[in-house]
Structure formats: C-alpha cells, structure tokens
Amino acid sequence: MAFLDKLSDFAKNAKSGAEDLVETTKLNSRIYDEQKKITRLKAQLGDFIWEQYAAGDSDLPQGALEICSQIDQSNEEIAGLNMQINLIRSQANAEKSSPVPPPAVEDPSPFGNCFSCGAALDEGDRFCSLCGAAQPLPQEEETVVDVEPEQAPRLCPVCSREVADTAVFCSVCGAKIETA
C-alpha cells in the first residue's frame, strides 16, 4: 500500500509541476506580447518625433534633435553612397556598350553637359539620355532622401493585440475593430 501512496503523491506532484509550467509559460507569453507592444509604441513615438522634426519643429528636446540630426547625416551618407553605386553601374554599362562619339555641341547646355560623352543635359537630369552615365549633382543642391515611415500595425482597442488590416473582429478577444 505504501508503494501506491508514493505513486499517487508522485503523480500529484507531477500534475502540480506541469500546471505551474503551463501557467508560467502563459505568463511569459503575455510578457513577450507586452514587450513587442512596447517596441511598436517606441517606433511610433520615433516616427511622431521625426515627423515633427521634418516639419521644422525646433521645440523638441535636445536629445531628440541630436538623434534627428544623426538621421539626417545618415540619409546624406546614403544618398552619397547611392550616387557612387550609380556611377559604378553607369561606368560598367558604358564599358560594355559600343563607344558613343560625343555629339558636336555648338554651345554648352545651360544645365551642363554629360561628363562622359558631352551630350547636352536638361534641367534635373541625373543620367545622360545618350550614354546613360550618372551625372554628379551640383554642389548647391541639397540631397534629400524621402523615407516613408512604415504604417503602424492595427491593434485591437481592447486587448492591444495586432490584427489583420482586413479584420472586423479581434481573433483573440472578439472585440469589434473600428475601420478607418
């Protein structure tokens, strides 16, 4: 009989341990969901501050202004790197294609001539229409990279879980989702 009592106690302890493990896992899952929510909210806050900065709001905290300035510097660096990539590609394309004789230009174009083949450029041309070479931007122009922020995910107003764009009801708590 003692053996059966010990076996019964072991089974009860195992059941209790399994229930604790299940409950702990559920709580850890909820913690993870809340951490993801915080990450999304921080991204939305950053987008909000960036939009204010881009609109010329100088009343932002100094730390936010410094971060926005660093973003501007990175965007300028990206624009310069993209220009280098375009120059490399255009030079590679020019080497592969048959040589194009430079056109006879009686007077220079008011917007400049292609540095590669001498063809007249039109205002705003970034690539030559004759040889395809990338054209360097004039120094007085400011390079601005327009970065569209990602659209924030839709969240359930009751449980704050992410819902599909087409959802009418939350699949977790059943709450009705307002449509925009």
Q) Are side-chain heavy atoms of Y53 and I71 found at a separation under 4.5 Å? A) no
Of all heavy-atom pairs linking L87 and A134, the shortest is CD2-O, 3.4 Å
Residues pairing under side-chain hydrogen bond (donor to acceptor under 3.5 Å, both in side chains) where one sits in residues 28-38, two or more places apart or in two chains, turn out to be D33-R161, K37-S160
L45 with W50, same ILVMFWY side-chain cluster at under 4.5 Å: yes
In this structure, OG1 of T24 is separated from CD of E19 (nearest 0.5 Å) by 11.5 Å
In this structure, OG of S90 is separated from CD1 of I85 (nearest 0.5 Å) by 12.0 Å
What one should report as the nearest heavy-atom pair of A167 and R154 is O-NH2, 3.4 Å
Side chains of E178 and P157 in contact at under 4.5 Å (non-hydrogen atoms):
no
Are L65 and I49 linked, directly or through intermediate hydrophobic residues, by side-chain heavy-atom contacts shorter than 4.5 Å (ILVMFWY only)? yes
Q. Can you check whether Q52 reaches D59 side chain to side chain, under 4.5 Å on heavy atoms?
A. no
Rounded to the nearest 0.5 angstrom, the CD1-CG distance for I177 and D165 is 11.5 Å
